[in-house]
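Working notes, beginning with the structure itself.
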Protein chains: 2
Amino acid sequence: MNATPPTRPPTSLDVARLAGVSQATVSYVLNDRPGARVSDETRARVREAADRLGYVPHAGARTLRTGRSGLVLISMEDIPYGPLAVGTLEELDRELSRRGYTLVQYGARRLKGVPAARAWAELRPVAVLAGAGKLNRQAVEVLRSAGVKAVVALGSRPSPVVPSVVLDHEGIGVMAAEHLIDRGCRSLAAVVPAEDGLREMGEHRLAGVQRVARAREIPLTRVDLPFHEDGAAALAELWRRVDGVFAYNDDYAMLLMAVLGDAGLAVPGDVRIVGCDDLPLAALLRPRLTTIRLDVSATPSALVQRLEEIIAESPAVPSRIDPWTATLIVRESS
Amino acid sequence: MNATPPTRPPTSLDVARLAGVSQATVSYVLNDRPGARVSDETRARVREAADRLGYVPHAGARTLRTGRSGLVLISMEDIPYGPLAVGTLEELDRELSRRGYTLVQYGARRLKGVPAARAWAELRPVAVLAGAGKLNRQAVEVLRSAGVKAVVALGSRPSPVVPSVVLDHEGIGVMAAEHLIDRGCRSLAAVVPAEDGLREMGEHRLAGVQRVARAREIPLTRVDLPFHEDGAAALAELWRRVDGVFAYNDDYAMLLMAVLGDAGLAVPGDVRIVGCDDLPLAALLRPRLTTIRLDVSATPSALVQRLEEIIAESPAVPSRIDPWTATLIVRESS
DNA sequence: TTGTATGCGTTATCAA
DNA sequence: TTGATAACGCATACAA
């Protein structure tokens, strides 16, 4: 059993010694600074020495010296789950690292009474993306004061205090309602999930449905529903009174289709259902499900571009609010 | 429009000045070091000054000074998606932050030819969790040399070079096969997904099915399948030749149920199907789906405990390999 | 009970 | 072309 080699990680000074140059020269070569004029031969020696030692620069030291960490923090909890979010996140990561930033997902729980924003601030990130709910005035102030250039909210509504990436849940409700009414539905229901993480988005989608229903004078029933068959089945009477349901998302839509089938109702004959998310699974249903998909394909690059603008201008107080909106696509497959 | 206040973030020295004490005292108070004896009155003054300034310590500087970052890195790409992974990750985060560590999800793509491990090493994390595939000998060497105490692989098989969290995919295949055979199936098929991210796990699950089939002398057909109806439907002949299918997971199981239904085959009358993952959605199917669930509820705390042991012992070369295995639960709901 | 001094690894300024 | 040298913010051994 070998004794533990308590070897320190190699530093740029170690590299310098091995290459027989000064430590400053190492820094010049490895960052190939434009201004520095170092002979090709020296460069090669430095590079080889770094390789041999397995030299890896110390991010903390660099951040301390330069004042820039290059970190972009995004909070884990505030990203809705599913294939859409995963793909978007990967694209965002790609886009950011192309420009020299590093995307890092970070927990957003408060620990021992310390608000999450404070933990984020310790890393001195250049930008923070987090749920609108967590970015109250105080949190933003902590971040700003720690030198965070860009604070961006993620949510269903624009944040009053920082620029926001808005997922247009109301728009989803609007499209769903119009779709159903255009196809002859005259009595609507809209599901609001009774799950903690989903209720808020559910209410925003509901708001969109409400707007259309009111404008077109169609009665609308709000249905608060946990994701269980029993609860949905218990509402059998309700389902007989309506001819169109916006099910919140595809999962709920599938739940309803199962329950309505059990209750002897035909879909879409007796009741039309619209889901949301365009889940691959939903395409397997018989009959096929009509669904609404958020098109966020353009969001990552647009977001990164705006981030760079904000970082460059570095406005202490944002002069204006700039919500972005993802666009909707209806995918009708019945 | 206010001009940008180019205010530096406040430092502990700023706090010291405002409180009328030395910078060292600030450090003592804010970390309440056991050894330091500071009067309650001074403590209060320091705390108040820190609050007033919105002082947030600089993680990079602290890391540089102490040699410990407290960061635990986990690669984003190597976490399979879905509700199970999300819950596990949250639990892991909770568990780690209780012990003073900070979990951070980090991209695993290589950027401009720089291997991911090098980017991880720059942050000087205390531990790195990543897909077994990314932790080859060289990557581990880079991490070790950068002072990473614990490197842990995530995968379907124990890594030969570092301790591993093993998700027992072979065990899943074994259980599925035994389940089917015990219920009278005499001709099996097992799906291997033809998607890049899934194929490997598919092969491991298949291996388990194969083992059982061979032992019990049951014929087995391997079915490589992309997630499309058409491909599955084209295999109509195959489905008629078997009476039991392990569908890889619940998504594929639902795909098969749709296709088999279209082909006029009864489930489970003509063909039995076993899925995996225990998706809430799968419970809605008629007939209900038999599924296998990995029980990883104990994994986070066990993992963190082992991490601390490894960090404490700090073995330069791991003296032995310690795979963990998640346990299986069959949830039969037909 | 508190202050002084030092060093962590890096980048960047200036002089040689 | 390259090499000293200082400074970033913090924690800590030691002196007062």
Side-chain angles (χ1 to χ4, degrees), chain A residues 6-47 49-50 53-70 100 121-124 145-147, chain B residues 6-47 49-50 53-70 100 121-124 145-147:
Chain A
T7 335
R8 282 186 307 92
T11 71
S12 61
L13 187 61
D14 296 326
V15 176
R17 277 195 281 256
L18 180 57
V21 299
S22 85
Q23 188 250 17
T25 304
V26 172
S27 181
Y28 286 146
V29 171
L30 296 184
N31 303 333
D32 43 39
R33 274 208 34 163
R37 291 132 107 59
V38 180
S39 72
D40 285 354
E41 194 234 358
T42 306
R43 298 185 111 86
R45 273 219 318 284
V46 169
R47 292 239 158 74
L53 292 178
Y55 169 71
V56 173
H58 188 300
R62 189 202 292 121
T63 299
L64 183 57
R65 172 63 232 216
T66 62
R68 282 166 287 111
S69 69
E122 293 196 359
L123 293 184
R124 299 290 191 270
S145 143
Chain B
T7 334
R8 281 186 308 90
T11 72
S12 62
L13 189 59
D14 296 327
V15 175
R17 276 196 281 255
L18 180 58
V21 299
S22 82
Q23 184 259 352
T25 303
V26 172
S27 182
Y28 287 146
V29 171
L30 296 184
N31 304 334
D32 43 39
R33 273 212 36 170
R37 292 136 107 64
V38 180
S39 73
D40 285 354
E41 193 235 359
T42 307
R43 297 185 112 86
R45 274 220 317 284
V46 168
R47 290 238 160 74
L53 293 177
Y55 169 71
V56 173
H58 188 300
R62 190 205 292 121
T63 300
L64 184 56
R65 171 64 232 223
T66 62
R68 283 166 287 114
S69 69
E122 293 196 0
L123 293 184
R124 299 290 192 270
S145 142

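Convention: sequence-line order gives letters A, B, ...; per-chain numbering from 1.
A donor-acceptor contact under 3.5 angstrom links the side-chain atoms of B:Q23 to the base of D:dA11.
Within the structure, a side-chain polar atom (N or O) of B:T42 is placed less than 4.0 Å from OP1 or OP2 of C:dT2. Put simply, A:T11 has no side-chain N or O that comes within less than 4.0 Å of OP1 or OP2 on C:dG9. In this model, the phosphate group of D:dG9 is not approached by any side-chain N or O of B:S12 to a distance below 4.0 Å at OP1 or OP2. OP1 or OP2 of D:dG3 has at least one side-chain nitrogen or oxygen of A:T25 nearer than 4.0 Å. Residue A:Y55 places at least one side-chain N or O under 4.0 Å from the OP1 or OP2 atom of C:dT10.
The separation between B:L13 atom CG and D:dC8 atom P is 10 Å, rounded to whole Å. Between the CZ atom of A:R65 and the C1' atom of C:dT13 there is a distance of 8 Å, rounded to whole Å. Taking atom CZ of B:R45 as the reference point, atom C1' of C:dG3 lies 14 Å away to the nearest angstrom. Computed from coordinates, the A:R17 CZ to D:dA4 P distance equals 12 Å when rounded to whole Å. Between the P atom of C:dC8 and the CD atom of B:E122 lies a distance of 20 Å, rounded to the nearest Å. Going from atom OH of B:Y28 over to atom P of C:dG3 covers 11 Å, rounded to whole Å. Separating the CZ atom of A:R8 from the C1' atom of C:dG9 is a distance of 10 Å, rounded to the nearest angstrom. With rounding to whole Å, B:N31 atom CG is found 10 Å from D:dC10 atom P.
Nearest-nucleotide mapping onto DNA chain C: of B:E41 and A:P9, the residue sitting toward the 5' end is B:E41. Along DNA chain C, the nucleotide closest to B:S22 and the one closest to A:T66 are compared, and the more 5′ of them pairs with B:S22.
Here the closest non-hydrogen pair linking A:G54 and B:S145 is O-OG, 3.8 Å. For the residue pair A:R47 and A:V29, the shortest heavy atom distance occurs at NH2-O, 3.2 Å.
At the heavy-atom level, B:S27 lies under 4.0 Å from base atoms of the strands shown. Residue B:V21 is classed as a sugar-phosphate contact, given heavy-atom separations below 4.0 Å to backbone atoms only.
Near DNA chain C, meaning a heavy atom under 4.0 Å from it, residues 57-64 of chain B has B:L64 in order of number.
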Donor-acceptor contacts, no H, no angles, side chain residues 56-65 of chain A, under 3.5 Å, sequence neighbours left out:
from, atom 1, to, atom 2, distance (Å)
A:H58, ND1, A:G60, N, 3.1
A:H58, ND1, A:A61, N, 3.0
A:T63, OG1, A:A59, O, 2.9

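Between the CG atom in B:L13 and the CG atom in B:L18 there is a gap of 11.5 Å [rounded to 0.5 Å]. Of the inter-residue distances, the one linking A:R43 atom CZ with A:E41 atom CD reads 12.5 Å to the nearest 0.5 angstrom.
You'll find the side chain of B:Q23 stays beyond 4.5 Å of the side chain of B:T11, heavy atoms only.
Checking C:dG3, D:dA11, C:dT10 against every side-chain atom of B:A24, the shortest atom distance belongs to C:dG3.
Without hydrogens or angle criteria, B:R45 side chain to B:A19 main chain gives a donor-acceptor distance under 3.5 Å. For B:S12 (side chain) and B:S27 (main-chain N/O), no donor-acceptor pair under 3.5 Å exists by modelled atom type.
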